[in-house]
Amino acid sequence: MQKLVEGVHRFQAGEFGRYRDLFRKLAREGQKPHTLFITCSDSRVLAELITQSQPGDLFVVKNVGNIVPPAQVVGSTNSTAAAIEFAVEVLRVSDLVVCGHSQCGAMEALLHPSRRTGSMPHLEEWLRVAEPVRQIIQTEYQHLAHEAERSTAAAEENVLFALENLHSYPSVQQRLAEGSLYLHGWFFKIATAELFAYDPGMRQFTPL
Ligand SMILES: [Zn+2]
């Protein structure tokens with residue numbers, strides 16, 4: 001905690017100076033982010049840092065495994081849906097990025113149900129949403145010998161699963177039909193900070 005408090009004081013005394021006018025403007029005029037950025041809660045994936053974004057630029061949703069449930073999944077398992085509706089319908093973001101990442105603990109947990117302990121019912125329920133991803137890995141990626149490779153494949157397939165599920169939201173459907181919203185699937189490699197984007201034409205992730 002001490003580290004956090006010190007950081008707050010250091011920010012207010014130093015770096016905040018550079019942002020003072022921007023924060024004032026954002027407080028006065030409200031936010032108008034251009035992008036809804038959905039990524040993993042993982043502490044190593046920082047949307048603003050890796051895209052060099054400023055306050056007011058990104059509307060960020062972080063959840064375990066950057067899972068986007070289909071619109072039909074309701075209740076406690078779908079707070080992400082609320083953020084999607086708000087960002088797309090009210091904030092009218094022009095772009096929507098789903099960004100998975102390497103070494104994702106959620107993908108590892110998804111692929112290995114037997115390793116999960118029984119004391120996390122909410123996590124269990126949440127990972128069940130992405131069960132189709134586990135099935136794809138089981139049926140189509142058995143040729144991958146290493147666990148790390150299967151985990152990367154799961155992270156990528158999970159991004160595609162999220163993009164597919166986004167189409168189940170009426171607000172997204174409408175904006176896509178209008179041609180005023182663009183969907184993007186990204187993959188972030190932690191060790192090198194490289195970003196890859198899904199190319200639907202090539203059907204693979206290529207360097208951004
Ligand atoms: Zn993760």
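One-based numbering, in listed order, for ligands and for the atoms of each. Every heavy atom of this structure was used, including side-chain atoms; hydrogens, water molecules and symmetry mates were not.
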I need the protein N, O or S atoms closer than 2.8 Å to the Zn ion (ligand 1), given as residue plus atom name.
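Under 2.8 Å from the Zn ion (ligand 1) - ignoring waters, which are not counted - the protein N, O or S atoms are Cys40 SG, His101 NE2, Cys104 SG.
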
Val90, Val61: one ILVMFWY side-chain cluster at the under-4.5 Å cut-off?
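In one cluster: yes.
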
Please state whether the rings of Tyr141 and His143 are parallel, tilted or perpendicular, taking 30° and 60° as the class boundaries.
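Parallel, since the angle between the ring planes stays under 30°.
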
Is it the case that more than 12 heavy atoms not belonging to Lys189 sit under 6.0 Å from its NZ atom?
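12 or below, so no.
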
Can you list the residues that meet the side chain to side chain contact (heavy atoms under 4.5 Å, CB included) rule with Glu124, with sequence neighbours excluded?
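Result, side chain to side chain contact (heavy atoms under 4.5 Å, CB included) vs Glu124: Arg116, Arg128.
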
Step by step, would you call Glu131 with Arg134 a salt bridge (Lys or Arg N to Asp or Glu O under 4.0 Å)?
CA-CA 5 Å; Glu131 178 61 18; Arg134 193 181 71 81; 2.8 Å; yes

Check each of Phe187, Trp186, Phe205, Phe161 against Tyr198 using the ring-ring contact (aromatic ring centres under 6.0 Å, His included) test, and report the only one that passes.
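For Tyr198, the ring-ring contact (aromatic ring centres under 6.0 Å, His included) test succeeds with only one of Phe187, Trp186, Phe205, Phe161, which is Phe205.
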
